[in-house]
Q: 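Can you read through this structure? Questions will come right after.
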Amino acid sequence: MSTIIIAIVVLASLAALFGALLGFASVRFRVEGNPVVDQVNDLLPQTQCGQCGFPGCKPYAEAIADGEKINKCPPGGESTIQALADLLGVEPEPLDAEHGAEKDVPMVAYIREDECIGCTKCIQACPVDAILGAAKQMHTVIVDECTGCDLCVEPCPVDCIDMVPQSTDTSSWYWQAPTTGVELIATDRRSLKTEAHA
Amino acid sequence: MALLTLSSPHTHGPNRTSRIMLTVALATLPGLAVMTWFFGFGSLINTVLAIITALASEALVLKLRKYPVSFFLKDNTALVTGLLLGLALPPLAPWWITVLATSFAIIFAKQIYGGMGNNPFNPAMVGYALVLISFPVQMTTNWVTSFQVSGSDVAGFTDALSIIFAGASSTADAFTGATPLDQYKYLISKETSDELLQRNTFNGWLNGGWEWVNLAFLAGGLFLMVRRIITWHIPVSMLAALGICSLILGWDEDLYTPLSLHLLSGATMLGAFFIATDPVSASTTPTGKLIYGAGIGILLYVIRTWGAYPDAVAFAVLLMNFAAPFIDAYTQPRSYGHSKPKRGLKPGEKS
Amino acid sequence: MTHLIQLHEFDGGIHPPENKRQSNSRPIRKASLPSELVLPLHQHIGAPANPVVAVGDTVLKGQVIAEPEGFVSAPLHAPTSGKISAIEARQVPHASGLSETCIVIEPDGEDTWIEHQGLCDALGLDHCDDIPVDKLLERIRDCGIAGMGGAGFPTAVKLHTGKHKIDTLILNGAECEPYITADDMLMREHASEVIRGAQILLQILGAERCLIGVEDNKPEAIAALDDALVQHNEEHHIDVVTIPTKYPSGGEKQLIQILTGKEVPSGGIPASLGIVCQNVGTAAAIADAVDFGRPLISRITTVTGDAVRDKGNWEVLLGTPVSHLLSLSGYRPAKRERVVMGGPMMGFALPTTELPVVKTTNCLLAPTEKELPTNNPAMACIRCGLCAEACPADLLPQQLYWFSKAQEFDKAEQHNLFDCIECGACSYVCPSEIPLVQYYRFSKGAIREERAAAEKAEQARIRYEARIDRQEREKAEKEAKRKARAEAAAKAQSVKKEAPAAKAVPAAEPAANADLEKLQKQLAAAQAAVAKTKEKLEAAREDPEKADKIPAFESALAKTQDKIKTLAKDIAAAKKAAKSAPAAAGPDKGDPNSPERLQKKWETAAARLETARKRLADAEVDGADTVDALRAGVEKQEARVAEAKSAYEASLNSDASLKTAVSNNAGTDNTSAETVAAKPDAEQLQKKLLAQKDRVEKAKERLEMARAEGLDSVEALEKALNKQLDKLAAFEAQASTTGEV
């Protein structure tokens, strides 16, 4: 009988002790987490392009927090989906083609200024106020602020807005990763073969 | 004319992987020679067999993976894996044990993980562990009592061949037996140390030829250190840990295997200089190497003394292979300009 | 050497073959003038310079052709006299082979100097030792001097050490890279300038001592410097320190460690340790600039490698094409040809030889394949750890390699990737010939790009949120305005109720109210003015000095009083008008759920659907990406139309049931028949009415917009609105009569 009592007492006190420890740890080492919406929003590319079907990145972040699918963001592409999947602990899915395809290079809008009639429609469409101009004045894009979202292209009545790839200069250029040995040998072989054929 | 544009540096030192591996192979030759001298041609035959199997398996997998075969065979890593396995296996182990261990080492322990440089475990030791667990009898009885020491005939080349390939057991019985480590471990509970040493295996002295084998591997290891192919960290910490354990826990040679036997018998030196130092699967930071080596030394002693197996280099190394990435994460050196080394993983980071 | 300097050792490092003998055995030669000089505007770290000359201008040697842009920048000078033949984008010496704006000068062959003089003479000082520090700094900046060791950081900026107190100046004469001998030859032949530069730098920094670190493989240079020290009588402040030859001892951080034993904190600058490090070439250029007023227009460059016959050092004008310099040295292009700007360890291979020599070009290396074989294909990393042993920054290069290869950039950063100085020691010793440095460069670039993208995303988020805020604020303001108007209308309504005799006149009561208010305000202002003027008048009367102003005040007073009178009259009139004015004349908003309104809603929704469909069709024809979005839009719109329709029908039904009930009560089939007959007419009318309402609505919207933007079309729009309202009233009257049939 006493054995049982001892066992119960020991187990109970151990439970109490560890419970207290865990409780203390959870209070003492509490990690102040961002609300999920903010964390999701931080991962989204903030192009505010609306391709996801929501009027901006924040609304989409809110929708994701409410269970919306994470694969509706073409500007973010696979890497964003992966990051979202990691954050939310869900399986990454391939990008939903319904919302558009991922672009290889970042784009910026460019207004052909001599064709611009100054209608301000693009200014109203720009989600980040990156277009400068006034009624009947020619408009121009602030390249550094443009997110390449495309939204200004559609409203332009004279189609004077182009999306051009962001240019690289010597300060933004960097070496690409080298091709690995195996690939290099493979390409060498191919070129040798093609030479032989020629 | 377009010029070649490559990233700097535009010059390269004399180091080459293939040359490093060849040097490692060369450094084992004294050990191999001494083994052949004491234990006959068995080791040599097995080593050659293991090397051929290793190269063939490697070529096969490279072919299957559509990799350039000759380019990768030339790096000599398969050669070294085969060589080490050949040295580690019992001299008169049947051929199929050698072939099985080697091909498993290359195909499963190395290539399946992505080939050279990507294997988390020492391939040779994985192969060794496989056959040790699967065929304990063959792995513990096919050792040879030193002919030189016991005075009996050296097993001739044909004898060895017939034992290894034809399983000529009648011939084999004349030569084979357990290793000194094995005998000491199992007989010390029944006999005193002095009585034990009178047995054939020891022949009154210590290790019955094994001391010379170990000294030869030690010499090869020192050569590698001089050539700066391996650093002192792992061998020194491993041998030190083994020695300290032995001195503290096994000082009574009537109860435990003595220090001299630990250091100069079995695969101790081969393990310390050639197996534990396999850079791919070992720890890489200086402090990490010390911990890694010490871990192997301690495990080696523990398994040899209280475990079921007489020798334990394979298990000790494999167990520490598991720990190597973890050790590395916590032993990063202090970088220039930092007051403290960055160590461990950030919270939330996956290893 | 006068002091014994305790040397320290840095970890790692390598000893590649030095290969310096080929180029340091003959004196520096002067390179001939090429047919054109190409001067990139961006030869230094920081913002590119801004051209101040135009195409066609003639310039003199040493004339400023581009001014610095911002603090971290450097000006550019014409290296010889001649004509500006172009300012255009040209390929610049950079690993990327990209183009940047360059000023192209066509030399006239005269090489005429612009007027220049030493700073001491320019300031008219007797003692050249007490030139103010800010003048020295200004001169260094004006002469375009940027670090000549390789990085090209503007020297004047580096000498602004801010709050840091500098005690040690280090001159870097280590020149640890194989092949390069430019600094070696400079120290041999221009030792005096180097020492003079050190003096000036010491003066600027207020430092006590200067250490010139030179590797022990340059005994001639060390001897020359020691001689110059004696000449300048500077043995007490300046020490030439011989350091062991080991690559990369010439790295700034490594040299500091060798000479002082201190480590520059990660992400910090040497100044935080009280140290400033300058290249010996920079020191010589500073001496030239301060003592003679010569800007940085030429430099010493080593041309070496087995592909050139005539190896040696050249004093070469900036902007000289590499091809010119190579042909002077007897260049024979070989198979698998490379021309490296800089040394073999850290230089970059040029994509073409039609590139200019710039401020940082210390060496042109044209090796043959036999001399410096290109790497074999990389094998797998075997974690041998040789790289970690060679790393002068005590990093774990192989770990960085794994992380870079797997693009696990956060882990690479955690392993101090950004402390890598890209010295190339790890690649040099790697037995698998892995281009490690290229992996690190890739990682660093990708991380920088990621950071920039994150920053931009953050910026975009802030701007987007600001925009949403603004839009909401505007909406709220509009809403408030609308409410205010509605309230005013309600007030007017009540006024109208109080005066039941008043007839409905389509006059805008809020406008009348506004007028009244305005008048009252004016009145108040005028009254205040009168009071003030009166006060002044009193004061003037008391003060005899201002007596002459009394008549002016009096007349002003009279004028203001007149104004008040007219205002009072106006106000009275306005009040009367307001009283007689009826309530707001706008169309009765009525019940929002009335069938008419619902029908209108339905119709507009249908119209929108139509446009949406059209757009979709267009997009489908064009195969535009937006098809899906548009399709979704159309679907939504369809749903809305259906909703509006059902709402309308529901309301109609309730109407109809009411009517049926009425007709049933009357008990005559005729009535209902008549109603049915009358319906088409009534319907048509209803439609017209609705269209009219729509138009009114639109006109109002336009008016609102015009008002908000303060356009001068307000009046015209108002008129148009009134007309539309009239029409609407007419239709309504008609509709009501028809409805009664």
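Here the structure is a predicted model, which is why all the values come from computation and not from measurement. Naming: A, B, ... by sequence-line order, numbering from 1 per chain.
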Q: Go through the atoms of Pro16(C) and report whether side chain, backbone, both or neither lie under 4.5 Å from a heavy atom of chain B.
A: neither
Q: Compare every heavy atom of Leu372(C) with every heavy atom of His10(B), then report the nearest pair and how far apart it is.
A: O-CB, 3.7 Å
Q: Heavy-atom cut-off 4.5 Å, strictly under: side chain, backbone, both or neither for Arg334(B) against chain C?
A: both
Q: Below 4.5 Å from any heavy atom of chain B, which atoms of Leu396(C) appear? Answer side chain, backbone, both or neither.
A: side chain
Q: At a 4.5 Å cut-off on heavy atoms, which part of Glu389(C) comes close to chain B: side chain, backbone, both, or neither?
A: side chain
Q: Just wondering, do Tyr336(B) and Val264(C) contact through their side chains at under 4.5 Å, heavy atoms?
A: yes
Q: Verify, without hydrogens or angle tests, whether His12(B) (side chain) and Ser427(C) (backbone) share a donor-acceptor contact under 3.5 angstrom.
A: yes
Q: Which one of Met21(B), Met116(B), His338(B) has the most heavy-atom pairs closer than 4.5 Å to chain C?
A: His338(B)
Q: Near Arg65(B) CZ, under 6.0 Å, is it more than 12 heavy atoms from other residues, nucleotides or ligands?
A: yes
Q: Once rounded to the nearest 0.5 Å, what's the spacing between atom OG1 of Thr284(B) and atom CH2 of Trp402(C)?
A: 11.0 Å
Q: With Thr17(B), which of Cys381(C), Cys384(C), Pro431(C) fulfils side chain to side chain contact (heavy atoms under 4.5 Å, CB included)?
A: Pro431(C)
Q: Tell me, side chain or backbone of Ala388(C) under 4.5 Å from chain B's heavy atoms, or both, or neither?
A: neither
Q: Just so I understand: if I count every heavy-atom pair under 4.5 Å between each of Asp419(C), Asp11(C), Val437(C) and chain B, which residue has the most?
A: Asp419(C)
Q: Counting only heavy atoms closer than 4.5 Å, note whether Thr231(B) contacts chain C via side chain, backbone, both or neither.
A: side chain
Q: Establish, from distance only, whether the side-chain atoms of Asn416(C) and Ser335(B) form a donor-acceptor pair under 3.5 Å.
A: yes
Q: Find the distance between CG (Leu386(C)) and CZ (Arg228(B)) and round it off to the nearest 0.5 Å.
A: 8.0 Å
Q: Does the side chain of Arg441(C) come within less than 4.5 Å of Ser8(B)'s, by heavy atoms?
A: yes
Q: Where on Asp328(B) is there a heavy atom nearer than 4.5 Å to chain C: the side chain, the backbone, both, or neither?
A: side chain
Q: Checking heavy atoms, do the side chain of Gln399(C), its backbone, both or neither come under 4.5 Å from chain B?
A: side chain
Q: If I measure from the heavy atoms of chain B, does Leu365(C) come under 4.5 Å with its side chain, its backbone, both, or neither?
A: neither
Q: Measure Val340(C) against the heavy atoms of chain B and call it side chain, backbone, both or neither at under 4.5 Å.
A: side chain
Q: Does OH belonging to Tyr113(B) count more than 12 external heavy atoms closer than 6.0 Å?
A: no
Q: Say you draw a straight line from CD of Gln398(C) to OG1 of Thr285(B); how long is it, rounded to the nearest 0.5 Å?
A: 9.5 Å
Q: Within the 4.5 Å heavy-atom criterion, are Asp75(B) and Ile382(C) side-chain neighbours or not?
A: no
Q: Measure distances from His415(C) to the heavy atoms of chain B and classify the residue's part below 4.5 Å as side chain, backbone, both or neither.
A: both
Q: Measure distances from Lys262(C) to the heavy atoms of chain B and classify the residue's part below 4.5 Å as side chain, backbone, both or neither.
A: backbone
Q: Determine whether more than 12 heavy atoms belonging to other residues, nucleotides or ligands lie under 6.0 Å from atom CZ of Phe108(B).
A: no
Q: What is the distance from atom CG of Leu395(C) to atom CD of Gln332(B), rounded to the nearest 0.5 Å?
A: 9.5 Å
